[in-house]
Every structure is written in C-alpha cells, then in structure tokens.
Amino acid sequence: MEKQTELYRGKAKTVHTTENPDYLILEFRDDTSAFDGERIEQLARKGMVNNRFNHFIMERLAEAGIPTQMEKLLSDTECLVKKLDMIPVECVVRNRAAGSLVRRLGVAEGAELTPPTFELFLKNDALHDPMVNESHAIAFGWANAEQLAEMKRLTFAVNDVLKAMFDDAGMILVDYKLEFGVFKGQVVLGDEFSPDGCRLWDKETLTKLDKDRFRQGLGGVVEAYEEVAQRLGLELPPR
Ligand code: TMP
C-alpha cells in the first residue's frame, strides 16, 4: 500500500492516508519532543528504532490477545495500521513512582506501587495534558463508560505481558502511556509503544533507558533505546 496524502503531523510521527480508507501509514520521524513540544530535537536513527520497536511490541501484544492497530512493517520508518477513531484520553499505568506522580504527591522516586495505579490524561499539549477522570471523559463525550472500562482492562492486560517481558530482559517497566481508538465498534490499541512513552530502568543499576534520558539531558538516548531492543532480542540494522 502506498502513502497518499499527509493526514496529520504529530510531534514524532506523521500519519498518511492510503488508497484503502480503513488503513493508514504511520511514519516515525527522528524528532524527539519533551515538555509537550517545548523542546524538539532530531536524534539520528530514532525513527527507525521506534518504528521497529513498536512493531515488535505490538506483535507480542497481539499474540497475547490484545487488539492492536498494527498490520505490518512497511520499511525502517513506516508501518501500516488500521485507521482508528482515536479517543483523546491517554491511559497511564505505573508500577513504580516516577515523573509527574513524584512531583504531584511528593513520594519517593522508585517506590513500588502495589497494586499498580491507573490514570487518565487529556491529550492536549496547550493544556499540558491535564489529568482527568472517567466522569470528565463521559461528560465531555471523549469516551463512553464501556469504552473506558475496556481501555482500563486492556491497559492492565498490557502490563501483565510487558512487565514480565522486560523483567526477563533485566529491566523494570516503571510506567507507560497507551492510546486507544475505535475500529468498527471495537476498542483497539493505537499510537505506539516505545521508550518514548514509557519508563524503563535497568533492574540492577536502575539506569534509565527511556525518554527521561532526553528530558533530563542525560545523553545516549537512542543508544539506550537500542540497548533495550537488543536485550529483548530485537535485531536492528547496524550503525
Ligand atoms: P508522567 O510521569 O509524565 O505522568 O508520565 C507517565 C508515563 O506516561 C511516562 O512513561 C511518560 C508517558 N507519557 C507520555 O509518553 N506522554 C504523555 O503525554 C503523558 C501524559 C505520559
């Protein structure tokens, strides 16, 4: 399938239409954004790494019975996906305290959260993705109660699969963000799962292997993402 027109240009991905109205092409760019687009830099290889990483993870999730928009890998930086009607609410699960939870509640970074927490954020850069709850989502028509219940169920199902997968590869899945959409009436996992949208720490050293390296100016961002891929057994084209 070929790219037709550019439908939407996000901070790190461009969405293209195809000749089939049910399918889109996601193009992963090297742009890396933090602080809701306030800081954007191009990091060589990041588009390729995240595209391949996302495809790898979505395949594992599909094998575990989670409906995803992924159809197939098209190239180093592109994949074919189902066209979802996106729900503008982000689902975040946390296994350990970090990031905005630490800032909001003053808890220690790394504190284990048992059971893991579930939060919703409105996808709106201008408002800095404010935290919302289910009643906001329903009252404003972003999603209905059944869709929200399904999003929550699937987000925790993803945790069961990925927490174990990263643990086996020597990493802690600290937290992650998922986005869902609707395809022919079904709630389906969309967007991407990559180190841009989760936190991963080395199990022994607690070294950060995710986008916090970019947010905190730690350097070695793409190198860390490639290390994560390699630990999971995903082979990437050599540098
Ligand atoms: P937070 O600690 O900033 O709330 O983020 C929690 C996790 O969700 C972290 O892994 C980053 C991810 N996330 C995004 O990737 N994009 C977003 O817009 C938000 C709100 C969170």
Side-chain angles (χ1 to χ4, degrees), residues 8-13 26 28-29 31-41 43 46-47 49-51 53-54 57-58 61 86-113 115-134 136-137 142-143 148 151-152 154-156 158-159 161-163 165-167 171-181 189-202 206-218 221-222 224-225 228:
Y8 175 76
R9 188 180 163 91
K11 295 193 293 289
K13 294 190 291 301
L26 293 188
F28 287 68
R29 308 193 313 271
D31 294 307
T32 310
S33 144
F35 314 115
D36 306 310
E38 265 175 41
R39 194 165 130 223
I40 298 184
E41 283 174 32
L43 300 180
K46 204 209 59 155
V49 171
N50 275 6
N51 179 48
F53 190 92
N54 176 56
I57 297 286
M58 291 293 172
L61 294 176
M86 292 305 290
I87 295 168
V89 174
E90 304 179 333
C91 297
V92 170
V93 158
R94 300 177 196 268
N95 295 305
R96 302 274 196 126
S100 72
L101 187 73
V102 167
R103 290 196 296 277
R104 228 179 311 127
L105 302 184
V107 293
E109 184 180 63
E112 282 187 50
L113 302 170
T117 62
F118 179 79
E119 297 162 13
L120 298 175
F121 295 88
L122 177 63
K123 197 173 162 67
N124 185 320
D125 281 339
L127 297 177
H128 299 291
D129 291 351
M131 194 176 188
V132 294
N133 65 29
E134 290 192 17
H136 296 124
W142 301 323
L148 288 161
M151 288 158 67
K152 184 172 181 177
L154 292 172
T155 303
F156 277 117
V158 166
N159 200 36
V161 177
L162 296 187
K163 212 166 75 159
M165 181 187 300
F166 286 112
D167 182 71
M171 291 169 277
I172 300 169
L173 177 60
V174 172
D175 58 28
Y176 57 92
K177 178 265 300 177
L178 301 180
E179 295 182 30
F180 294 88
L189 177 59
D191 190 51
E192 71 180 272
F193 188 100
S194 75
D196 267 4
C198 69
R199 289 191 173 93
L200 293 165
W201 296 348
D202 178 86
L206 304 184
T207 301
K208 297 180 199 298
L209 300 168
D210 55 72
K211 199 161 86 173
D212 269 350
R213 300 201 69 82
F214 179 72
R215 296 188 190 98
Q216 299 174 9
L218 300 174
V221 180
V222 181
Y225 291 20
V228 173

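Order of listing sets the numbers, starting from 1, for every ligand and every atom in it.
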*Quick one: look up the protein heavy atom nearest atom 17 (C) of ligand 1 and list residue, atom name and how far away it is.*
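Ranked first by proximity to atom 17 (C) of ligand 1 is Glu90 OE1, 3.2 Å.
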*Can you find a non-hydrogen atom of Asp196 under 4.0 Å from ligand 1?*
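Checking ligand 1 against Asp196, which is what was asked, there is a heavy-atom contact under 4.0 Å.
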*Return the residue, atom name and 0.1 Å-rounded distance of the protein heavy atom closest to atom 18 (O) of ligand 1.*
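Checked against all protein heavy atoms, atom 18 (O) of ligand 1 sits closest to Asp129 OD2, 2.6 Å.
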*To the nearest 0.1 Å, how far is atom 1 (P) of ligand 1 from its closest protein heavy atom, and which atom is that?*
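In this structure, atom 1 (P) of ligand 1 has Ser100 OG, 3.4 Å as its nearest protein heavy atom.
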*Looking at Val92, Leu148, Asn133, which hits side-chain contact (heavy atoms from CB on, under 4.5 Å) with Leu120?*
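Of all the options given, the one that passes is Leu148.
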*Below 4.0 Å from any atom of ligand 1, is there a heavy atom belonging to Arg94?*
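Yes, Arg94 has heavy atoms under 4.0 Å from ligand 1.
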*Of all the atoms in ligand 1, which lie at a distance below 4.0 Å from a heavy atom belonging to Cys198?*
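Result: 10 (O).
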*Residues in side-chain hydrogen bond (donor to acceptor under 3.5 Å, both in side chains) contact with Asp191, at least two apart in sequence or another chain*: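 By the side-chain hydrogen bond (donor to acceptor under 3.5 Å, both in side chains) rule, Asp191 matches Lys13, Lys177.
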*Between CG of Leu218 and NZ of Lys208, what distance do you get to the nearest 0.5 Å?*
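Result: 7.5 Å between the selected atoms.
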*Closest non-hydrogen protein atom to atom 15 (O) of ligand 1, residue and atom name please, with distance?*
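Going atom by atom, the protein heavy atom closest to atom 15 (O) of ligand 1 ends up being Gly197 CA, 3.3 Å.
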*Applying salt bridge (charged side-chain N to carboxylate O under 4.0 Å, His left out), name anything that partners Asp175, two or more places apart in sequence or on another chain.*
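Asp175: salt bridge (charged side-chain N to carboxylate O under 4.0 Å, His left out) contacts with Arg94, Arg199.
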*Please name the pair of heavy atoms, one in Arg39 and one in Phe214, separated by the smallest distance, quoted to 0.1 Å.*
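That closest heavy-atom pairing would be NH2-O, 2.9 Å.
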*Please identify which atoms of ligand 1 are closer than 4.0 Å to at least one heavy atom of Gly99.*
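What qualifies from ligand 1 is 2 (O).
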*Identify, for atom 10 (O) of ligand 1, the protein heavy atom at the shortest distance, and state residue, atom and that distance.*
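Result for atom 10 (O) of ligand 1: Asp175 OD1, 2.6 Å.
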*asked:* Measuring only between side-chain heavy atoms, which start at C-beta, is Leu200 closer than 4.5 Å to Leu173?
replied: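 Yes; the side chains approach each other to less than 4.5 Å.
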*Please determine which of Leu162, Thr207, Leu209 meets the side-chain contact (heavy atoms from CB on, under 4.5 Å) test together with Met171.*
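Between Met171 and the candidates, side-chain contact (heavy atoms from CB on, under 4.5 Å) is satisfied uniquely by Leu209.
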*Please work out which of Lys11, Lys177, Arg199, Lys211 has its closest non-hydrogen atom nearest to atom 6 (C) of ligand 1.*
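Ranked by closest heavy atom to atom 6 (C) of ligand 1, first place is Arg199.
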*Closest heavy-atom pair and its distance - Lys46, Asp196*: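 That would be NZ-OD2, 2.6 Å.
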*For ligand 1, does Glu119 get within less than 4.0 Å through its side chain, its backbone, both, or neither, judged by non-hydrogen atoms?*
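No part of Glu119 is near ligand 1 at this cut-off.
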*At a 4.0 Å cut-off, with the gap strictly under it, does some heavy atom of Arg215 reach an atom of ligand 1?*
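The answer is yes, since Arg215 has a heavy atom less than 4.0 Å from ligand 1.
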